[in-house]
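Encoded as structure tokens, the structure appears first; notes follow it.
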Amino acid sequence: MPPAGFERDARAAGTTTSIHGPDAVRLGRKAASPAVLALLAGALALTVAMLAIAFHQYRSQVMAEAESRSSAIVRVLEEHAAKTLGIHAMTLFHLEWMVDDLGWDRIDGSPLLHERLKALASQTPEVQSYWITDETGRVRASSFEWPMRVLSAADREYFRAHLGTGDAIHIGPRLSGKINSEIFFTLSRRMELPGNRFQGVAQISLLPGYFADFYRSVLHDPGDIILLLRDDGRAIVRQPLGSAPDNADIGHFPELIATPNANGTFRAVTSFDGVERVLARRKVPNLPVYVVYGTDVASIEAAWRDRVEPYALFAVPSIGLLGLLGVIALRRSRQAADAQEALRRANEALESRIAERTRHLDQALADKEVLLRDIHHRVKNNLQVILSLLELQAQRSPELEAPFSEALSRINTMGLIHEQIYRSTGVSSVRLDDFIEALIGHLSSFHRRPGREIAIHHDVEPVAIDLNRVVPFALILNEVLSNAFKHAFADRCSGTVTIAVTAEDGMLHLTVEDDGTGTPEPEPAVEPGRRSMGMDLIRAFARQIRGEYRFTRTVGTRFDLVFPLEDEVS
């Protein structure tokens with residue numbers, strides 16, 4: 001149980017901490033806020049980053065879908081144009097054969113070719129009319145009328161395009177007819193006589209409206225466009241048109257032909273409306289014409305927004321909730337930091353008090369040890385004074401020398417104990433190896449006789465025993481060794497005494513063995529029936545330390561003592 005002063009110090013420390021509470025709050029917030037704010041910012045940044053990645057992925061997905069859709073539609077448009085225009089290109093071969101069969105004279109004199117052309121024009125909705133011109137540009141037959149009025153096509157682009165050699169199909173621009181003002185574009189072929197002589201031009205007038213109607217049905221979104229372009233970029237058909245249907249010029253867009261495409265698509269701003277689009281372009285095989293399909297990027301963005309809107313509606317409240325939880329966590333962290341700082345200050349104050357009291361206790365303990373050493377030193381000095389007085393008394397009274405010698409030896413042994421305590425670092429125990437070595441030196445000097453040499457060998461473990469046991473142990477050893485010096489070698493000039501001390505299983509073992517004549521017991525009785533004082537001391541001291549002893553007599557004498565190293569707890 002701690003002393004009352006200790007509790008008062010702890011309360012004082014707590015009071016000191018409460019006085020400095022505002023400083024602790026500020027320090028706690030400084031310590032806690034950055035970590036929590038960093039964690040909160042990291043969580044929000046991670047959430048926003050994941051949403052941004054998801055939105056980007058959805059945008060890429062929507063864009064890829066739009067590109068794939070545009071590519072698929074433009075392939076349909078290419079197939080439609082190839083079949084439609086390809087069939088009519090083949091028809092031009094038949095017209096040339098008709099002209100070769102009939103000749104110009106029969107064509108001028110008979111409505112046969114006119115009827116055939118008229119029948120062909122009525123069978124296909126995209127054909128407005130058929131025209132055949134001779135090498136001068138004069139119209140010799142058409143599906144419109146017979147006899148054919150005097151009419152020249154020499155000024156038309158399609159006629160001039162065939163004046164050179166070659167039998168390539170030509171696609172003309174949008175035109176307004178000379179007989180019928182309806183808008184059309186031409187599909188024409190050069191006719192030749194043997195030897196590659198120019199014979200004239202076979203031409204079909206096609207209605208852009210037919211293609212516009214078909215393109216209208218293919219459009220995926222209102223913002224999408226479809227263009228049928230000549231190879232020079234001039235528009236033949238555009239859906240939605242964005243201008244009057246009878247307008248012959250609907251735009252010239254060479255950039256839509258020249259712009260490189262990746263995977264069949266490219267992005268560009270269409271000049272006729274300024275809208276950015278994803279465009280897919282394909283050339284119609286064997287014909288100088290392209291089909292282009294464009295998807296409005298704004299409609300792609302709208303589709304992307306429609307797709308991510310449910311996720312955004314879920315993500316925004318989630319981010320808000322995360323922010324709210326972060327604020328709560330920040331407040332809790334600050335509160336915890338405040339409490340931690342207050343506890344730290346209390347601990348510091350308490351540790352300071354404890355350290356101060358520990359210093360006082362250490363100083364008191366040091367003073368106590370110094371005092372005890374001084375006491376042992378004084379006791380040793382006093383014993384030395386008593387020893388000196390007894391020696392003086394024995395010198396003045398020779399009859400007292402024999403009885404005083406044992407007392408002097410015992411007093412000196414006790415003095416050695418106090419001297420060992422005084423010289424050691426501790427005051428609660430004595431090292432037996434150091435003490436026994438000092439005791440052997442004293443007894444060897446005390447019992448030395450001229451002409452006699454007694455050797456003492458010792459093997460002592462460095463065991464320390466407390467003061468309550470060292471005094472009885474030392475006096476027992478003193479009695480046994482004194483007895484050996486006095487009686488074991490009475491009729492001999494030399495001998496050996498062996499001392500062994502070992503510790504095992506909490507017990508201390510002492511063995512003293514000499515090679516002398518073998519005495520019956522320590523200090524044998526002077527008179528029969530009288531008990532030896534040395535034996536009484538051994539018996540009393542052994543009982544005091546709860547030990548057991550025995551003497552064994554062989555060639556010499558062996559003494560064994562066993563006692564516990566520590567006091568038994570009752």
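All residue numbers in this chain count up from 1 along the given sequence.
L508 contributes atom CG, which lies 8.5 Å from atom CD of E461 (distance to the nearest 0.5 angstrom). Rounding to the nearest 0.5 Å places CZ of F489 at 5.0 Å from CG of D515.
In this structure, a donor-acceptor pair under 3.5 Å is present between the side chains of Y293 and D224. For the residue pair S70 / T295, a side-chain donor-acceptor distance below 3.5 Å is found, with atom types taken as modelled. For the residue pair R277 / T270, a side-chain donor-acceptor distance below 3.5 Å is found, with atom types taken as modelled.
Comment: E78 does not engage R75 in a salt bridge, judged by the lack of any side-chain N to carboxylate O separation of less than 4.0 angstrom. A salt bridge links R307 to E65: one of the charged nitrogens lies within less than 4.0 Å of a carboxylate oxygen.
Within a 6.0 Å sphere centred on CZ of R69, heavy atoms belonging to other residues, nucleotides or ligands number more than 12.
For D459, there are no salt bridge (charged side-chain N to carboxylate O under 4.0 Å, His left out) partners, not counting sequence neighbours.
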Distance-only check: which donor-acceptor pairs under 3.5 Å involve side-chain atoms of residues 499-507, not counting sequence neighbours?
none

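Two residues are said to be in side-chain contact when any heavy atoms from C-beta on lie closer than 4.5 Å; T265 and S71 meet this criterion.
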What verdict does the salt bridge (Lys or Arg N to Asp or Glu O under 4.0 Å) test give for R469 and E566, after you've listed the backbone C-alpha separation in whole Å, the side-chain angles of each residue and the deciding distance to 0.1 Å? CA-CA 9 Å; R469 296 177 176 278; E566 297 181 358; over 6 Å; no

Practice prompt. Carefully, step by step, assess E341 and R344 under the rule salt bridge (Lys or Arg N to Asp or Glu O under 4.0 Å).
Written response: CA-CA 5 Å; E341 181 64 22; R344 186 187 66 80; 2.3 Å; yes

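Not one N or O on the side chain of D560 forms a donor-acceptor pair closer than 3.5 Å with the backbone of T511.
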